[in-house]
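Heads up, the thing below is written out as structure tokens.
Note that the structure is a prediction, hence the values are computed from the model and not measured.
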Amino acid sequence: MDKVLDYVEDRDLEEIANSCKDLQELRVFPSDPFAPGPHVSLTEKGLVAISVGYPKLQSVLYFCHQMTNDALVTTARNRPNMIRFRLCIIEPQTPDYSTLEPLDAGFGAIVQHCKELRRLSLSGLLTDRMFEYIGVHAKKLEMLSLDFEGDSDLGLHYVLSGYESLRKLEIRDCPFGDDALLVNAAKLETMRSLWMSNCLESFEACKLLAQKLPELDAEVIDKRGHPDTRPESCPR
């Protein structure tokens with residue numbers, strides 16, 4: 001496994017690829033994730049270079065400031081053997097910077113081509129359509145992480161109704177509320193862990209979920225304060 005900081009440039013990843021053909025896992029971390037704007041020469045081209053240069057690559061964690069659907073589609077086609085794909089675009093809800101479209105098509109290609117995908121972390125601007133893609137294609141997915149994605153409860157419905165092998169679900173700052181959580185509660189019975197932070201669920205819904213599924217390891221974080229300080233059905 002190689003771990004690099006993103007003060008390398010796209011061409012540096014190409015050079016690494018030329019000398020590490022047997023590499024199976026690569027993690028590219030930000031040198032300064034809080035610096036304003038794109039401050040280094042590492043772009044979506046670096047991700048494509050990774051997919052071209054590492055024929056045995058199975059696991060990627062990639063931090064960047066910008067991404068395109070075309071780059072994700074190319075990556076998916078080059079590396080259908082991927083089992084872990086984690087992309088973190090530093091600024092939440094960032095679209096395809098070349099078209100300003102959501103990244104649905106790009107991530108959709110990842111789940112369609114990578115049939116053995118076990119772990120997926122999503123970022124950027126995504127709609128409920130993306131969750132439908134995953135529910136249809138990512139049948140072997142075991143862990144899913146969501147940040148600032150989706151349009152409505154329908155997204156979580158797709159998540160819980162489509163993933164047959166899902167064991168761990170992490171959700172942060174997504175517009176999912178009580179209806180999607182409780183209507184699909186039965187689908188959570190096969191899961192080991194549910195982690196939610198700053199979503200739209202109420203304290204009452206969380207209590208009902210705990211009663212229905214006492215074996216589920218569920219953690220719900222609400223930055224509005226202790227639940228005793230507000231009504232049980234208080235919306236976000």
- Task: Start with the C-alpha distance between F107 and I134, add both sets of side-chain angles, then the distance that settles side-chain contact (heavy atoms from CB on, under 4.5 Å), and finish with yes or no.
- Result: CA-CA 9 Å; F107 278 108; I134 303 178; over 6 Å; no
- With a 4.0 Å cut-off, would you call R172 and E170 a salt bridge? no
- Rounded to the nearest 0.5 Å, what's the gap from OG on S51 to CG on L72? Could you check? 10.0 Å
- Query: Which value, rounded to the nearest 0.5 Å, describes the distance between M67 atom CE and Y62 atom OH?
  - Reply: 6.0 Å
- Item | Distance-only donor-acceptor check, side chains T99 and N69, under 3.5 Å | no
- Task: Apply the test side-chain contact (heavy atoms from CB on, under 4.5 Å) to residues L216 and L194: give CA-CA distance (whole Å), side-chain angles for both, the deciding distance (0.1 Å), then the verdict.
- Result: CA-CA 7 Å; L216 178 67; L194 171 66; 4.2 Å; yes
- Whether K139 side chain and G135 backbone form a donor-acceptor pair below 3.5 Å: yes
- Closest non-hydrogen atoms of L146 and C174, given as atom of the first, atom of the second and distance, are CB-SG, 4.0 Å
- Item | Heavy-atom side-chain proximity of R77 to P80 below 4.5 angstrom | no
- Message: Does S193 form a side chain to side chain donor-acceptor pair (under 3.5 Å) with D217? I'd like the steps, not just the answer.
- Response: CA-CA 5 Å; S193 175; D217 181 10; 4.5 Å; no
- Query: Can you tell which of E142, Q58, R167, M82 makes a side-chain contact (heavy atoms from CB on, under 4.5 Å) with R118?
  - Reply: E142
- Residues passing the salt bridge (charged side-chain N to carboxylate O under 4.0 Å, His left out) test with E132, sequence neighbours excluded, are none
- Task: Could you grab the distance from atom CD1 of I83 to atom CG of L120, nearest 0.5 Å is fine?
- Result: 13.0 Å
- Message: How close do L57 and E25 get, counting heavy atoms only, and between which atoms?
- Response: CD1-N, 3.8 Å
- Task: First locate atom CD of Q112, then atom OH of Y133, and finally report the distance between them rounded to the nearest 0.5 Å.
- Result: 7.0 Å
- Item | Minimum heavy-atom distance A109-A76, with the two atoms named | O-CB, 3.4 Å
- Message: What verdict does the side-chain contact (heavy atoms from CB on, under 4.5 Å) test give for L61 and F85, after you've listed the backbone C-alpha separation in whole Å, the side-chain angles of each residue and the deciding distance to 0.1 Å?
- Response: CA-CA 6 Å; L61 170 59; F85 185 78; over 6 Å; no
- Separation between CZ of R119 and OG of S59, rounded to the nearest 0.5 Å: 8.0 Å
- Message: Quick one, R129 and Y158 - any side-chain contact, counting heavy atoms below 4.5 Å?
- Response: no
- Donor-acceptor under 3.5 Å (D10 side chain, T43 main chain): yes
- Task: Give the minimum heavy-atom separation between A205 and L182, together with the two atoms involved.
- Result: O-CD2, 3.6 Å
- In sequence, state the C-alpha distance, the side-chain angles, and the governing distance for Q66 and E44, and then conclude on side-chain contact (heavy atoms from CB on, under 4.5 Å). CA-CA 7 Å; Q66 64 184 46; E44 75 286 347; 2.9 Å; yes
- Between the side chains of D147 and S123, does any donor sit under 3.5 Å from an acceptor? no
- Message: One thing to verify: whether D22 and K56 come together as a salt bridge, which I'm taking to mean a side-chain N less than 4.0 angstrom from a carboxylate O.
- Response: yes
- Under the salt bridge (charged side-chain N to carboxylate O under 4.0 Å, His left out) rule, collect the residues that match up with D153, sequence neighbours excluded. none
- Query: What heavy-atom pair brings C199 and D173 nearest, and what distance separates the two atoms?
  - Reply: SG-N, 4.2 Å
- Query: Going hydrophobic residue to hydrophobic residue with side-chain gaps under 4.5 angstrom, can you get from F148 over to F131?
  - Reply: no
- Query: Are T68 and D70 linked by a side-chain donor-acceptor pair shorter than 3.5 Å?
  - Reply: no
- Message: If I take atom OG1 from residue T190 and atom CG from residue L160, how far apart are they, to the nearest 0.5 angstrom?
- Response: 9.5 Å
- Query: salt bridge (charged side-chain N to carboxylate O under 4.0 Å, His left out) with K212: which residues, sequence neighbours excluded?
  - Reply: none
- Item | L126 to D151 - nearest heavy-atom pair and separation | O-OD1, 4.4 Å
